[in-house]
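Inspection log for the structure reproduced underneath, given as structure tokens.
Excluded from the calculations below are hydrogen atoms, water molecules and symmetry mates; all remaining heavy atoms, backbone and side chain alike, are included.
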Amino acid sequence: MTDPATLEVQFLADIAAAPDVAALEVVRVAALGKQGTISLLLKSLGGMSPDERRTEGPKLNALRDTVQTALTARRAALEAAELDERLAAEKLDLSLPAPHRRKGYVHPTLQVMDEMISIFAELGFAVAEGPDIEDDFHNFTALNFPPKHPAREMHDTFFFSPDEAGERKLLRTHTSPVQVRAMRSQTPPIRLVSPGRTYRCDSDQTHTPMFHQVEGLVIDKGVHMGHLKWTLETFIARFFETDQVTTRFRPHHFPFTEPSAEMDVRCDRSGGEVRIGQGTDWLEILGCGMVHPNVLRNCGIDPDAYQGFAFGMGVDRLGMLKYGMPDLRDMFASDVRWLAHYGFPAVAVPNPASGLS
Ligand code: DAH
């Protein structure tokens with residue numbers, strides 16, 4: 001019979017040398033399997049004389065225990081090493097873009113809205129929101145649209161059927177009602193922008209029945225038209241990331257501002273694309289003006305103490321200009337090919353410090 005001490009040295013060496021769990025299993029079967037060397041030796045105890053059994057028994061039992069303990073320890077070490085190796089090999093960097101799996105995109109309108117908000121946030125504007133379904137008071141009356149005034153019709157309003165009280169709710173035609181809600185619930189100074197959906201019954205290359213606006217409102221003491229112009233020109237330069245953009249202010253009329261103006265951006269619309277900063281076309285992108293004293297009064301603010309300026313801009317149109325999209329209607333046609341072309345990866349969060357687009 002092979003000496004248990006020699007067997008121990010041999011098995012412990014085999015166990016230590018097993019490179020993986022499968023090889024270790026081979027060693028285990030050779031030592032402790034049914035036909036394994038140690039198992040057969042233990043079985044042979046039955047055929048020994050009582051004296052022999054008394055000296056060999058403890059040695060063989062000790063051998064079995066030592067080998068078993070070494071097997072268990074080695075298995076645990078090998079399994080831990082295999083897990084470490086797998087964890088290292090399967091490491092995923094979730095901050096990297098996954099170009100082959102990109103299925104979802106951020107719509108350019110939402111991207112542009114985030115860009116606008118980040119610029120105005122840097123200028124100290126808060127964000128305010130209001131409901132899409134508005135009443136006549138907030139959408140028109142408080143904003144100084146006289147009853148039956150043709151401007152109400154010019155807004156091509158979508159009205160709901162009258163309720164039991166005879167009141168017709170409507171889909172807001174602009175984001176200006178948020179001004180009213182803000183002025184009626186806050187005390188000046190107020191400095192806010194309000195992004196959101198707006199609705200008018202209109203559709204052509206530069207109009208869609210649903211579109212997006214960002215409203216701006218500043219109310220404080222001593223606010224004048226110069227502040228308005230600086231704010232908008234600063235915004236445009238930041239938004240287009242260049243000082244080369246030409247803008248023009250045209251006198252205009254809005255019931256809720258006096259004086260009122262519209263701002264256009266010079267562009268070239270020939271050849272099925274919009275190019276900014278060149279050409280002879282002008283695209284109207286926003287309306288603005290000094291908040292009308294009647295509006296301040298309607299909202300409980302004393303026009304002799306406070307002045308303000310306001311503006312409302314078309315988000316989709318600014319997106320068209322910045323990213324060269326020729327037809328506004330494509331933006332809401334839900335064509336995934338268009339979205340794959342003009343959409344933004346979800347990780348491209350606009351931030352003025354690192355660049356907007
Ligand atoms: N509400 C106007 C529109 O939708 C845009 C506008 C013009 C908003 C002048 C303003 C403003 O706040 O002062 O056409």
Salt bridge between Glu25 and Arg75, side-chain N to carboxylate O under 4.0 Å? yes

Give a yes or no on this: more than 12 heavy atoms of other residues, nucleotides or ligands lie within 6.0 Å of atom CZ of Arg197. no

For atom CD of Glu167, decide whether the heavy atoms of other residues, nucleotides or ligands shown that lie under 6.0 angstrom number more than 12.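 Check passes, neighbour count above 12.
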
Aromatic plane relationship, [Y] with [X] - under 30° parallel, 30 to 60° tilted, over 60° perpendicular:
{"X": "His174", "Y": "Phe256", "result": "perpendicular"}
{"X": "Tyr342", "Y": "Trp338", "result": "tilted"}
{"X": "His212", "Y": "Phe332", "result": "tilted"}
{"X": "Phe239", "Y": "Phe235", "result": "parallel"}

Nearest non-hydrogen partners of Leu71 and Arg28, listed with the distance: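 What the structure gives for the nearest pair is CD1-CG, 3.4 Å.
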
Write down the atom of Pro108, the atom of Met325, and the distance for their closest heavy-atom approach. CB-CE, 4.0 Å

Identified side-chain contact (heavy atoms from CB on, under 4.5 Å) counterpart of Phe309 within the set Leu217, Leu228, Val291: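 Exactly one pass, corresponding to Leu228.
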
Given Thr66, Thr6, Thr37, Leu32, the one that forms side-chain contact (heavy atoms from CB on, under 4.5 Å) with Phe11: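 Going through the options one by one, the only one that passes is Thr37.
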
Do Ser49 and Asp51 have side-chain N/O donor and acceptor atoms under 3.5 Å apart?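 Side chains of Ser49 and Asp51: no pair found under 3.5 Å.
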
